[in-house]
Amino acid sequence: MKKYDYLIVGAGLFGATFAYEANKKGKRCLVIDKRNHIGGNIYCKKIENINVHQYGAHIFHTNNKKVWDYVNSFAEFNGYINSPIASYKGEIYNLPFNMNTFNKLWGVITPEEAKAKIEEQRKASGIIEPKNLEEQAISLVGTDIYTKLIKGYTEKQWGRSATELPSFIIKRLPVRFTYDNNYFNDRYQGIPEGGYNIIIEKMLEEIDVKLSTDFFENREKLSNLAEKIIFTGMIDEFYNYEFGSLEYRSLKFEHEILECDNYQGVAVINYTERDIPYTRVIEHKHFEYGTQNKTVITKEYPIDWKIGDEPYYPVNDEKNNKLFEKYKELASKEKSVVFGGRLGDYKYYDMHQVIEAALKTVNILLESN
Ligand code: FAD
Ligand code: UDP
């Protein structure tokens, strides 16, 4: 008999949720991560007594009451509502696209006037059935907003033209004909008081964890420790890129401590023009209504991904989704390896979707045992 039932590769939200649930059901789990900390991309580091989201701003939001109750069983959530603003050539606009944005841009006051303006611009563009992100965006909000708030941001974020990107990416953002700056439509939203680490620490409290351990550096030995592997790293890397590498987008984060108590007056400012190399500036203290004397900001620079870089975003266009299907086919034949999470499933998952997927995987695996 092997020492563990499960070797869980990745101490991110998927791996930690899986480990917590499996342990509760009496399974012996070992979690490994190549990083020197737990939490994956939701990890926070305390700097100047501020919880700094080390890998980009993370706001928890969901419509799923079960998932909301689940995360609330690990941490208290504050009532933070994300209301980022967009900065375009020194002009400031409210996000997501709503009556405040339309009013600032066009001076319109009623929803009817805003809709008429968008319809006029959509008609002039001649788009009937949107086939890509650019066409989808123009159909939803017209050419002015597309030009000022979407095109530049999107093309630097993804490193390709908006005409080569799938429409679903822009549909993540609400378009609203009310004066409401809430970035998400979900019923439940917030930031865990004290940061995200608390959740992962509680999930992994009773679990064996080995950090700074890369699965691929000791593949055979690690695999032999457990009956089954839950793999939350890159699925193409697991198969040694045998059909070629999937594409990802990477990021560079530049953190700075500033000697002022309030730098930008809001947690997130998106810089939507192409010429500014970063997409967002995050001022972390505002996620928790911080009153510290200093502040910490992070500039987020999108960068090309190559093998060895951190794969922050899957690029879910048609070409990559097709390639992923080939890896998925291999995965479906595995008897003792299960893939999950943003990298294992190659899906642009948010946190609530990762939890949902992990709980589903636990149910499937532990019911069939
Ligand atoms: P990860 O957190 O990536 O964890 C995978 C872990 O596996 C990593 O720690 C990695 O080091 C480890 N690993 C990989 N390969 C190996 C290996 N070979 N050996 C050992 N360990 C390995 N979601 C939201 O809901 N709201 C937000 O506001 C939000 N903002 C985001 C902002 C940014 C910039 C990014 C990149 C993501 C954001 N997300 C947000 C998404 C969120 O981060 C993910 O949904 C979630 O963290 C994914 O969890 P995971 O466990 O699948 O993956
Ligand atoms: N987007 C944009 N302008 C903005 C914010 C978002 O054009 O000011 C587009 C961009 O293509 C981005 C997508 O909407 O990749 C999804 O935005 P979201 O904030 O959900 O991105 P994430 O937080 O996942 O990076």
Side-chain angles (χ1 to χ4, degrees), residues 7-18 31-43 53-62 82 84-88 93 95-97 101 133-134 136-137 141 145-146 148-158 162 165-166 168-174 183-184 186 189 191 196 200 210-219 222 230-235 237-238 248-251 253 268-272 279-280 282 287 298 300 302 310-314 339-345 347-355 357-358:
L7 168 74
I8 297 152
V9 180
L13 194 53
F14 189 99
T17 306
F18 184 92
V31 174
I32 63 164
D33 204 297
K34 62 182 175 188
R35 294 181 182 170
N36 63 4
H37 60 75
I38 59 174
N41 287 339
I42 69 174
Y43 171 71
H53 298 201
Q54 282 288 293
Y55 303 100
H58 278 76
I59 300 101
F60 199 95
H61 57 96
T62 183
N82 197 32
I85 57 177
S87 166
Y88 175 79
Y93 294 95
L95 291 172
F97 314 119
T101 330
L133 194 156
E134 174 172 297
Q136 182 66 68
V141 290
I145 292 184
Y146 174 68
K148 289 190 167 188
L149 304 184
I150 298 175
K151 185 175 162 59
Y153 185 103
T154 295
E155 297 192 348
K156 65 184 162 181
Q157 165 71 5
W158 296 99
L165 286 162
F168 87 89
I169 292 179
I170 198 65
K171 287 201 196 144
R172 287 170 59 85
L173 272 51
Y183 200 60
F184 302 109
D186 288 344
Q189 186 176 165
I191 301 281
Y196 286 91
I200 305 289
K210 270 189 167 190
L211 297 174
S212 307
T213 304
D214 189 328
F215 176 73
F216 296 113
E217 279 173 12
N218 236 325
R219 186 171 185 151
L222 287 164
I230 305 295
F231 189 81
T232 75
M234 294 154 61
I235 188 168
E237 186 177 18
F238 185 90
Y248 301 87
R249 200 71 186 137
S250 197
L251 297 169
F253 297 101
V268 184
I269 300 188
N270 289 359
Y271 286 85
T272 58
T279 45
R280 323 185 243 218
I282 312 301
F287 289 128
T298 302
E300 192 173 314
E310 281 292 346
Y312 289 105
Y313 291 87
F339 295 84
R342 218 185 209 201
L343 302 173
D345 278 352
K347 287 216 172 60
Y348 193 171
Y349 283 146
D350 281 327
M351 290 179 277
H352 61 290
Q353 295 164 312
V354 167
I355 292 178

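Atoms within each ligand, like the ligands themselves, are counted from 1 in listed order. Keep in mind that this is a model prediction, so the values were computed, not measured.
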Could you tell me the separation between the [atom1] atom of [X] and the [atom2] atom of [Y], rounded to the nearest 0.5 Å?
X	Y	atom1	atom2	answer
Tyr43	Tyr55	OH	OH	7.5 Å
Ile38	Leu211	CD1	CG	7.5 Å
Asp345	Thr232	CG	OG1	10.0 Å
Tyr93	Ile145	OH	CD1	9.0 Å

Measuring only between side-chain heavy atoms, which start at C-beta, is [X] closer than 4.5 Å to [Y]?
X	Y	result
Val9	Leu222	no
Ile191	His53	yes
Val31	Phe18	no

For ligand 2, give me the residues whose heavy-atom distance to it is below 4.0 Å, by chain and number please.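 For ligand 2, the contacting residues are Leu95, Leu149, Ile150, Tyr153, Thr154, Gln157, Trp158, Ile169, Ile170, Arg172, Leu173, Tyr183, Asn270, Thr272, Arg280, Tyr313, Tyr348.
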
Tabulating one pair per line, provide the atom names and distances (0.1 Å) for every N/O atom of ligand 1 that is less than 3.5 Å from a protein N/O atom.
| unit_1 | atom_1 | unit_2 | atom_2 | d |
| --- | --- | --- | --- | --- |
| ligand 1 | 2 (O) | Asn41 | N | 2.9 |
| ligand 1 | 9 (O) | Asp33 | OD1 | 3.2 |
| ligand 1 | 9 (O) | Asp33 | OD2 | 2.6 |
| ligand 1 | 11 (O) | Asp33 | OD1 | 2.7 |
| ligand 1 | 18 (N) | Asp214 | OD1 | 3.0 |
| ligand 1 | 19 (N) | Phe215 | N | 3.0 |
| ligand 1 | 21 (N) | Lys34 | N | 3.1 |
| ligand 1 | 23 (N) | Asp350 | OD1 | 3.3 |
| ligand 1 | 23 (N) | Met351 | N | 3.4 |
| ligand 1 | 25 (O) | Met351 | N | 2.7 |
| ligand 1 | 26 (N) | Ile59 | O | 2.8 |
| ligand 1 | 28 (O) | Ala57 | O | 3.4 |
| ligand 1 | 28 (O) | Ile59 | N | 2.9 |
| ligand 1 | 30 (N) | Ala57 | O | 2.9 |
| ligand 1 | 39 (N) | His58 | NE2 | 3.3 |
| ligand 1 | 43 (O) | His58 | NE2 | 2.7 |
| ligand 1 | 45 (O) | Tyr349 | O | 2.8 |
| ligand 1 | 51 (O) | Leu13 | N | 3.1 |
| ligand 1 | 51 (O) | Phe14 | N | 3.0 |
| ligand 1 | 52 (O) | Arg342 | N | 2.8 |

Ignoring hydrogens and geometry, is there a side-chain-to-backbone donor-acceptor pair from Asp33 to Arg35 under 3.5 Å?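 Side chain of Asp33 to backbone of Arg35: a pair is present.
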
Answer yes or no on whether Arg172 is positioned over the face of Tyr183, meaning its NZ or CZ is under 6.0 Å from the six-membered ring centre and within 45° of the axis.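 Relative to the ring axis of Tyr183, which defines the angle, Arg172 lies outside at least one limit.
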
